[in-house]
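Notes for the one structure printed next.
Nothing fancy with the numbering, it's 1 onward along the sequence.
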Amino acid sequence: MQISVNQFETYADGLDHAEDLAFDNEGILWAGGEIGQVYRIPEKGRVEEVTNVGGFCLGLTFSAADELYICNAKLACVIKVKKNGKSSLFADSAEAHKLKLPNYGVFDSSGNLFVSDSGEWSKSSGCIVRFDSRGRGQVFLDGPQPFPNGLALSADERFLFIAQSHTDDVLQVEIREDGSAGDRELYATGLARVPDGLAFDVEGNLYVSCYASDNIFRVSPEREVALLAYDRDGTTLARPTNIAFGGPQNDELYVANLGRWHINRVKLGVKGQPLANQKK
């Protein structure tokens, strides 16, 4: 079932080209800006700038301890930000691998953090790194990967899903018990153009937001790809990058629009899969 773009409403406006967004365990929305702003959005229409870490904030994710981790493109590192705004460097390398363009991170329930290091936009030079619960990093999936971008974990945390922006598809990678990468296969293809963000609902549907085509796809557990929403004018869905479930019932899909200054949302009627900081 396709959703009309008119069903999306603006939740927050006036942000400096937010690339990502994430909810803390209180249900409050956070986002980042293109010159390092870190925004807190406690309710519709209310935007607070908590701090500025410099650089360009890309992916945001919360740990189980509800601390915010931000992938910073210009600073080529991952920064940890506490809710009072105090920030510190988490990592700029994983063993011998120096981060080039850390783009998106996702925590599992054991405290391991997976980060896409996208590499150069014009080349397939990316990889995935993994930091364990003690902060020790290593390359999880070596390159060259075609600009790995948004990440998501399966509900049982046995598989990592990777949006590959240059090949318009999503890769599924097995996570072995020792934390290493196992079998890998294409999970969904034809996600034109430039898939960026990923999010699962509790029914196992995977939502994929596409930056260059102003649309969102839904991929069923049977791997059937269907268009969920499309904005012909590119003003409501305006270069959508990352997506996240939120709202009182966790059944609203929130969208960051890098091409403009707003975050919008739409009620889907199905709850999002809980992330590491949302699991009870």
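In this structure, a donor-acceptor pair under 3.5 Å is absent between the side chains of Ser110 and Asn112. Between the side chains of Gln278 and Asn25, not a single donor N or O lies within less than 3.5 Å of an accepting N or O. For Thr189 and Asp169, the side-chain atoms include no donor-acceptor pair closer than 3.5 Å. Glu157 and Ser109 share a donor-acceptor pair across their side chains, judged by distance under 3.5 Å alone. Looking at Asp233 and Thr235, their side chains never bring a donor and an acceptor atom within 3.5 Å of each other. A donor-acceptor contact closer than 3.5 angstrom links the side chains of Asp117 and His97. Using modelled atom types and a 3.5 Å distance limit, the side chains of Arg265 and Tyr254 yield a donor-acceptor pair. Side chain to side chain, Gln37 and Asp16 meet the donor-acceptor criterion of an N or O pair below 3.5 Å. Between the side chains of Asn149 and Ser165, a donor-acceptor pair is found at a separation under 3.5 Å.
Within the 4.5 Å cutoff, the side chain of Arg239 has heavy atoms near those of the Asp214 side chain. For the pair Asp196 and Tyr104, the minimum side-chain heavy-atom distance is 4.5 Å or more. When side chains are defined from C-beta on, Val208 does not count as touching Ile216, because their heavy atoms never get closer than 4.5 Å. In this structure, Leu275 and Phe62 have side chains that are not in contact, with every pair of non-hydrogen atoms separated by 4.5 Å or more. Looking at Phe147 and Ser124, their side chains never come closer than 4.5 Å, going by heavy atoms from C-beta outward. Residues Glu48 and Pro42 are in side-chain contact: their nearest non-hydrogen atoms beyond the backbone lie under 4.5 Å apart. Side-chain atoms of Leu191 and Phe217, non-hydrogen and from C-beta on, do get closer than 4.5 Å to each other. Between Asn205 and Val219 there is no side-chain heavy-atom pair separated by less than 4.5 Å.
Neither Val139 nor Leu160 shares a network with the other; the hydrophobic side chains, linked directly or stepwise wherever heavy atoms of I, L, V, M, F, W or Y lie under 4.5 Å apart, form separate groups for each. Leu198 and Val225 fall within the same hydrophobic cluster, defined by Ile, Leu, Val, Met, Phe, Trp and Tyr side-chain heavy atoms under 4.5 Å apart, directly or through other members. Residue Leu227 is not grouped with residue Ile3 when hydrophobic side chains (ILVMFWY) are merged at heavy-atom distances under 4.5 angstrom, including chains of intermediate members. A chain of hydrophobic side-chain contacts below 4.5 Å, direct or via other Ile, Leu, Val, Met, Phe, Trp or Tyr residues, connects Val106 to Ile162. Hydrophobic clustering (side-chain heavy atoms under 4.5 Å, transitive across Ile, Leu, Val, Met, Phe, Trp, Tyr) keeps Val38 apart from Leu15.
The distance from the CG atom of Leu101 to the CZ atom of Phe56 is 9.5 Å, given to the nearest 0.5 Å. Expressed to the nearest 0.5 Å, how far CG of Leu253 lies from CG of Leu228 amounts to 7.5 Å. Going from atom OG1 of Thr241 over to atom CD of Glu19 covers 4.5 Å, rounded to the nearest 0.5 Å. Note: Tyr211 OH to Leu258 CG = 5.5 Å, rounded to the nearest 0.5 Å. The CG atom of Leu89 lies 5.5 Å from the SG atom of Cys77; values are rounded to the nearest 0.5 Å. From Lys123, atom NZ reaches atom OG of Ser118 across 15.0 Å, with rounding to the nearest 0.5 Å.
Side-chain atoms of Ser125 never come within 3.5 Å of backbone atoms of Gly119 as a donor-acceptor pair (strictly under, hydrogens ignored). Although no hydrogens or angles enter the test, the distance criterion places no donor-acceptor pair under 3.5 Å between the side chain of Asn257 and the main chain of Ile263. Side chain of His166 to main chain of Ser122: no donor-acceptor pair is present (N/O by atom type, distance under 3.5 Å, no hydrogens or angles). Checking side-chain atoms of Asn72 against main-chain N and O of Leu75 turns up a donor-acceptor pair under 3.5 Å. Between the side chain of His262 and the main chain of His17, no donor-acceptor pair closer than 3.5 Å is present. Counting only distance, with no hydrogens or angles, the side chain of Thr10 and the backbone of Ala12 share no donor-acceptor pair below 3.5 Å. Between the side chain of Asn277 and the backbone N or O of Ser63, no donor-acceptor pair lies under 3.5 Å. The closest donor-acceptor contact from the side chain of Gln273 to the backbone of Leu153 lies under 3.5 Å. In this structure, Ser220 contributes its side chain and Glu222 its backbone to a donor-acceptor pair below 3.5 Å. A donor-acceptor contact shorter than 3.5 Å links the side chain of Glu174 to the backbone of Asp183.
Closest heavy-atom contact between Leu58 and Ala73: CD1-CB, 3.5 Å. Considering all non-hydrogen atoms of both residues, Gly126 and Pro148 come closest at CA-CD, 3.8 Å. For the residue pair Ala192 and Ser213, the shortest heavy atom distance occurs at O-OG, 2.9 Å.
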Dump the intermediate steps for salt bridge (charged side-chain N to carboxylate O under 4.0 Å, His left out) on Lys267 and Asp251, then the final yes or no. CA-CA 6 Å; Lys267 192 172 184 65; Asp251 62 351; 2.8 Å; yes
Salt bridge (charged side-chain N to carboxylate O under 4.0 Å, His left out) for Lys44 and Glu9? Distances and angles first, verdict last. CA-CA 10 Å; Lys44 181 180 178 181; Glu9 68 168 341; 2.8 Å; yes
Please determine whether side-chain contact (heavy atoms from CB on, under 4.5 Å) holds for the pair Cys71 and Val115, giving the CA-CA distance in whole Å, both sets of side-chain angles, and the decisive distance to 0.1 Å. CA-CA 8 Å; Cys71 292; Val115 173; 3.9 Å; yes
Taking it one step at a time, do Leu237 and Val255 satisfy side-chain contact (heavy atoms from CB on, under 4.5 Å)? CA-CA 8 Å; Leu237 295 178; Val255 184; 4.1 Å; yes
Does the side-chain contact (heavy atoms from CB on, under 4.5 Å) test come out yes or no for Phe140 and Val129, once each step is laid out? CA-CA 5 Å; Phe140 170 77; Val129 298; 5.8 Å; no
Stepwise, does the side-chain contact (heavy atoms from CB on, under 4.5 Å) test hold for Thr167 with Leu186? CA-CA 11 Å; Thr167 48; Leu186 285 179; 6.0 Å; no
Give the C-alpha distance, both sets of side-chain angles, the deciding distance and a yes or no for ring-ring contact (aromatic ring centres under 6.0 Å, His included) between Phe245 and Phe23. CA-CA 8 Å; Phe245 277 91; Phe23 284 90; 9.7 Å; no
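With a 6.0 Å radius and a threshold of 12 heavy atoms from other residues, nucleotides or ligands, Arg223 has its CZ atom above the threshold. More than 12 non-hydrogen atoms from other residues, nucleotides or ligands lie less than 6.0 angstrom from CD of Glu43.
The only member of Tyr187, Tyr207, Phe159, Phe161 that meets ring-ring contact (aromatic ring centres under 6.0 Å, His included) when paired with Phe200 is Phe161.
Salt bridge status for Asp168 with Arg193: absent, with no side-chain N to carboxylate O gap under 4.0 Å. Comment: Glu67 does not engage Lys86 in a salt bridge, judged by the lack of any side-chain N to carboxylate O separation of less than 4.0 angstrom. Here Lys83 pairs with Asp66 in a salt bridge; the nearest charged N to carboxylate O distance falls below 4.0 Å. Under 4.0 Å is where a charged nitrogen must lie from a carboxylate oxygen, and between Arg130 and Glu95 no such pair does.
Here Phe131 and Phe114 keep their ring centres 6.0 angstrom or further from each other.
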